[in-house]
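This report concerns only the one structure given below.
Labels below follow one simple rule: chain letters A, B, ... track the order of the sequence lines, proteins then strands, and each chain is numbered from 1.
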Amino acid sequence: MNRVTFRRRLTGENTPALARFLLGKYLVRRVNGRTISSMITEVEAYDGREDKASHAHRGKTKRNKVMFGPSGRWYVYLVYGMHYMVNVVTGPVDYPAAILIRGVLAVNGPGRVARHFHVGSGMNDKPINRSSGFYILDRGTRIRKASIYQGRRIGVQYAGRKWAGKPLRFFITEGIDG
DNA sequence: ACAAGGATACCT
DNA sequence: GGTATCCTTGTC
């Protein structure tokens with residue numbers, strides 16, 4: 001996936017479709033003279049203000065304003081006072097949407113993902129490209145549709161039955177040959 | 001089962 | 001300024 005293709009997908013496709021598309025792509029981090037890389041295995045889509053599970057549901061705030069900005073940037077925030085969540089901002093400007101990266105190969109849980117890649121609030125609003133030292137690569141791994149689980153998102157029960165039950169979480173269940 | 005932990009959002 | 005809540009994890 002070249003840079004232009006990636007950017008077009010971030011803006012052009014709907015966020016749930018893009019979330020699934022990100023499975024099998026590689027997260028790459030260059031920090032302190034070394035490179036950390038791993039395949040994305042689990043993601044969640046947060047799509048628009050209507051989504052009651054999304055930070056954006058209550059409108060634009062200091063924290064979530066990055067979601068309302070241009071796609072192709074990182075949205076990083078702190079939860080529970082100790083864990084950073086790594087999200088890919090998607091959609092057009094003023095349409096708040098993002099994809100939470102919940103897991104990469106051998107690293108399960110969104111808080112662990114951020115720690116693994118040495119990502120904190122400093123990466124918030126930074127571009128997803130080489131200049132920021134944190135980006136996404138397509139290494140040609142194909143994920144069969146039959147190998148993708150689609151189900152409800154985690155930790156959003158407060159959003160109510162309708163939104164908490166939406167099948168907006170995707171993860172690879174088998175057939176990983178990266 | 002539950003504490004840790006600090007920012008955030010939404011009150012007064 | 002107070003406080004309930006939070007897109008979680010590790011240890012109990």
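Nucleotide B/dA7 holds its P atom 12 Å from the CZ atom of A/Arg63, rounded to whole Å. Here B/dT8 presents its P atom at 16 Å from NZ of A/Lys60, a figure rounded to the nearest Å. Taking atom NE2 on A/His55 and atom P on C/dT5, their separation rounds to 15 Å, with Å as the unit. Between the NZ atom of A/Lys65 and the P atom of B/dT8 there is a distance of 11 Å, rounded to whole Å. One can place CG of A/Asp47 at 17 Å from P of C/dC7, the figure rounded to the nearest angstrom. Atom pair A/Arg169:CZ and C/dT8:C1' shows a separation of 14 Å (rounding to whole Å applied). Distance, A/Tyr158 OH to B/dT8 P: 16 Å, rounded to whole Å. As a whole-Å value, the separation of A/His57 NE2 from B/dA9 C1' is 14 Å.
No contact: A/Arg153 has no heavy atom under 4.0 Å from any strand. Using a 4.0 Å heavy-atom distance criterion, A/Met85 is classed as a sugar-phosphate-only contact. When heavy atoms are screened at a 4.0 angstrom cut-off, A/Arg115 is found touching the sugar-phosphate backbone but no base atom.
Counting atom types as modelled, A/Tyr77 pairs a side-chain N or O with a base atom of C/dC7 as donor and acceptor under 3.5 Å.
Cation-pi geometry between A/Arg169 and A/Tyr149 is not met: the NZ or CZ atom fails to fall both under 6.0 Å from the ring centre and inside 45° of the normal.
Between A/Arg112 and A/Leu100, the residue whose closest nucleotide on DNA chain C is further toward the 5' end is A/Leu100.
In this structure a side-chain-to-backbone donor-acceptor pair under 3.5 Å is present from A/Thr41 to A/Gly103.
Remark: aromatic rings of A/Tyr77 and A/Tyr84 are distant, center separation not under 6.0 Å.
Proximity note for A/Tyr80 (side chain, C-beta onward) versus B/dA7, B/dG5, C/dT9: the nearest is B/dG5. With B/dA7, C/dC7, C/dT9 as the choices, the nucleotide that has an atom nearest any side-chain atom of A/Leu78 turns out to be B/dA7.
Not one side-chain nitrogen or oxygen of A/His83 sits closer than 4.0 Å to the OP1 or OP2 atom of B/dG5. In this structure, A/Arg58 reaches the B/dC10 phosphate: one of its side-chain N or O atoms is under 4.0 Å from OP1 or OP2.
Smallest separation of non-hydrogen atoms from A/Arg49 and A/Phe68: NH1-CE2, 4.2 Å.
B/dG5 is unpaired under the Watson-Crick or G-U wobble criterion, no partner having all donor-acceptor distances under 3.5 Å. Remark: C/dC7 base-pairs with no nucleotide in the shown strands. Criterion, Watson-Crick or G-U wobble with two distances under 3.5 Å.
With salt bridges taken as basic N to acidic carboxylate O contacts below 4.0 Å, none links A/Asp51 and A/Lys162.
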